[in-house]
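Chain letters run A, B, ... following the sequence lines, proteins first and then strands; every chain starts at 1.
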Amino acid sequence: MSHLEKDSFGAKLGMWLFLFTEMLLFGGVFILYSVYLTRYPKEFGLGGHQLDLVYGATNTVVLLTSSLFAAMSVTAIKTGAKKLTLGLLSGTIGCAFIFLGIKYLEWSAKIHHGIYPNSPKLIAGPPGESIFFSLYYLTTGLHGIHVIVGAVLMSWTAVMVTKERINATDNVTLENVTLYWHLVDLVWIFIFPLYYLIL
Amino acid sequence: MTEEHAEHILSYGKLATVWVALLVLTAATILVTRVELGVWKVWAALAIASVKSGLVIAFFMHMKYEPRLFRIILFVALFTLAGFIGGTFFDVLYR
């Protein structure tokens, strides 16, 4: 392989193209959200007030911080600071676990109160409320899957850094994984106001 | 690639500054939506979210330093999404 130049431009372009399909995927969910919000403003308002702002805000800070660590890890690897890169990647992965932990607390509190898709309580209630919580679980669930995938990719990248397969001169893989992680952060930047703040 | 060494390495300080700005904007969006502004709080929250994404894309995701092609496809994706949203609302509101 050593005689082949790695095409980092092409690799990054491909990653961005993939990220655009992700934007359109989450965009579709947000369209659903806004259409049903115009149809059921009152029920969405009631649903939104049942979400815990403290959990939402904490997770926002956790994700923004994880993004900072991820962005810093790119600087670290490019300047050849291997140990620092690994530290920063662990920081990002740690934040991913904190995020998922808080999400777990949030979801289990809701489920404990009988609020989950197709629960007897939601079926008996107004349709708008049921739609709100279905969309809440769909959006945050889809986002949560992305967090898990991001954490797995980040761990794999850390192993590659340890083995020096990713290093100061060849690091586009790390860059692409961090790009994916930032997308996860971007999506949450919209989920937070839409579900926790404006209703 | 023909470029000499067009790689931009962002300093830790610059990245930390962006992070602080993002935290301040997060606090601002919480405050602005706690005040009774009616419909305006929706627009205010979405405007702040857009500024935050702009910061993440430009600096954390290096878009500011990428070739123009990257920005062109970014805008194609955003216009496509805006078209979907606009078309959907035209249908929902004037059906």
Q: Give, as side chain, backbone, both or neither, the part of B:F89 having an atom under 4.5 angstrom from any heavy atom of chain A.
A: side chain
Q: Rounded to the nearest 0.5 Å, what's the gap from CG on B:L25 to CG on A:L64? Could you check?
A: 9.5 Å
Q.
Looking at A:R39, I'd like to know if its CZ atom is crowded, meaning that more than 12 non-hydrogen atoms belonging to other residues, nucleotides or ligands lie closer than 6.0 Å.
A. no
Q. Out of A:T65, A:V74, A:T21, A:L194, which one racks up the most heavy-atom pairs below 4.5 Å with chain B?
A. A:T65
**Q.** chain A interface, residue from B:T88, B:L69, B:I73 that has the most non-hydrogen pairs under 4.5 Å
**A.** B:I73
Q. Can you tell me how far CG of B:L22 sits from CG of A:L68, rounded to the nearest 0.5 angstrom?
A. 9.0 Å
Q: Report the option among A:L183, A:T38, A:L186 that has the most heavy-atom pairs separated by less than 4.5 Å from atoms of chain B.
A: A:L186
Q: Let me know if A:L199 has heavy atoms under 4.5 Å from chain B in its side chain, its backbone, both or neither.
A: backbone
Q) Which heavy atom in A:F190 sits nearest to a heavy atom in B:A49, and how many Å separate them? A) CE2-CB, 3.7 Å
Q. So, the side chain of A:T75 versus the backbone of B:L10: is there a donor-acceptor pair under 3.5 Å, distance only?
A. yes
Q. Where does B:S53 contact chain A at under 4.5 Å (heavy atoms): side chain, backbone, both or neither?
A. both
Q) Does one hydrophobic cluster hold both A:L142 and A:F30, with members joined at side-chain heavy-atom distances below 4.5 Å? A) yes
Q: Measure distances from A:A70 to the heavy atoms of chain B and classify the residue's part below 4.5 Å as side chain, backbone, both or neither.
A: neither
Q. Which heavy atom in B:F60 sits nearest to a heavy atom in A:A71, and how many Å separate them?
A. CD2-CB, 3.8 Å
Q.
Which atoms of B:V42 are under 4.5 Å from chain A, going by heavy atoms: the side chain, the backbone, both sets, or neither?
A. both
Q. Is the CG atom of A:N118 crowded by more than 12 outside heavy atoms at less than 6.0 Å?
A. no
Q. Is it the side chain or the backbone of A:L179 that comes within 4.5 Å of chain B heavy atoms, both, or neither?
A. both
Q.
Would a single hydrophobic cluster contain both B:V56 and A:L24, if residues Ile, Leu, Val, Met, Phe, Trp and Tyr are joined by side-chain heavy-atom contacts under 4.5 Å?
A. no
Q. Are B:L23 and A:T60 close enough, and set up right, to give a side chain to side chain contact (heavy atoms under 4.5 Å, CB included), and what steps lead you there?
A. CA-CA 9 Å; B:L23 291 183; A:T60 305; over 6 Å; no
**Q.** Nearest-0.5 Å distance, CZ of residue B:R34 to CG of residue A:L197
**A.** 5.5 Å
Q: Determine the option with the most heavy-atom pairs under 4.5 angstrom with chain A, choosing from B:T80, B:V92, B:I30.
A: B:I30
Q.
For residues B:L81 and A:L135: do they belong to one hydrophobic cluster (side chain heavy atoms under 4.5 Å, members Ile, Leu, Val, Met, Phe, Trp, Tyr)?
A. no
Q | Spacing of A:T178 atom OG1 and B:M61 atom CE [to the nearest 0.5 Å] | A | 8.0 Å
Q: Drop me the distance from B:L15's CG to A:S67's OG, to the nearest 0.5 angstrom.
A: 10.5 Å
Q) So what's closer than 4.5 Å to chain B heavy atoms on A:Y196: side chain, backbone, both or neither? A) backbone
**Q.** Atom group of A:S34 that falls short of 4.5 Å from chain B, counting heavy atoms
**A.** both
(Q) Are A:Y137 and A:I31 linked, directly or through intermediate hydrophobic residues, by side-chain heavy-atom contacts shorter than 4.5 Å (ILVMFWY only)? (A) no
(Q) Just so I know, are the side chains of A:I198 and B:L46 near enough to count as touching, which here means a heavy-atom distance under 4.5 Å? (A) no
Q | Separation of B:L74 CG from A:M23 CE (nearest 0.5 Å) | A | 5.5 Å
Q) Are B:F70 and A:F9 close enough that some pair of their side-chain heavy atoms sits under 4.5 Å apart? A) yes
(Q) Assigning hydrophobic clusters by single linkage (Ile, Leu, Val, Met, Phe, Trp, Tyr; side-chain heavy-atom cutoff under 4.5 Å), is B:F84 placed with A:L19? (A) no
(Q) For A:Y36, I'd like to know if atom OH has over 12 heavy atoms of other residues, nucleotides or ligands within 6.0 Å. (A) no
Q. Tell me, side chain or backbone of A:L63 under 4.5 Å from chain B's heavy atoms, or both, or neither?
A. neither
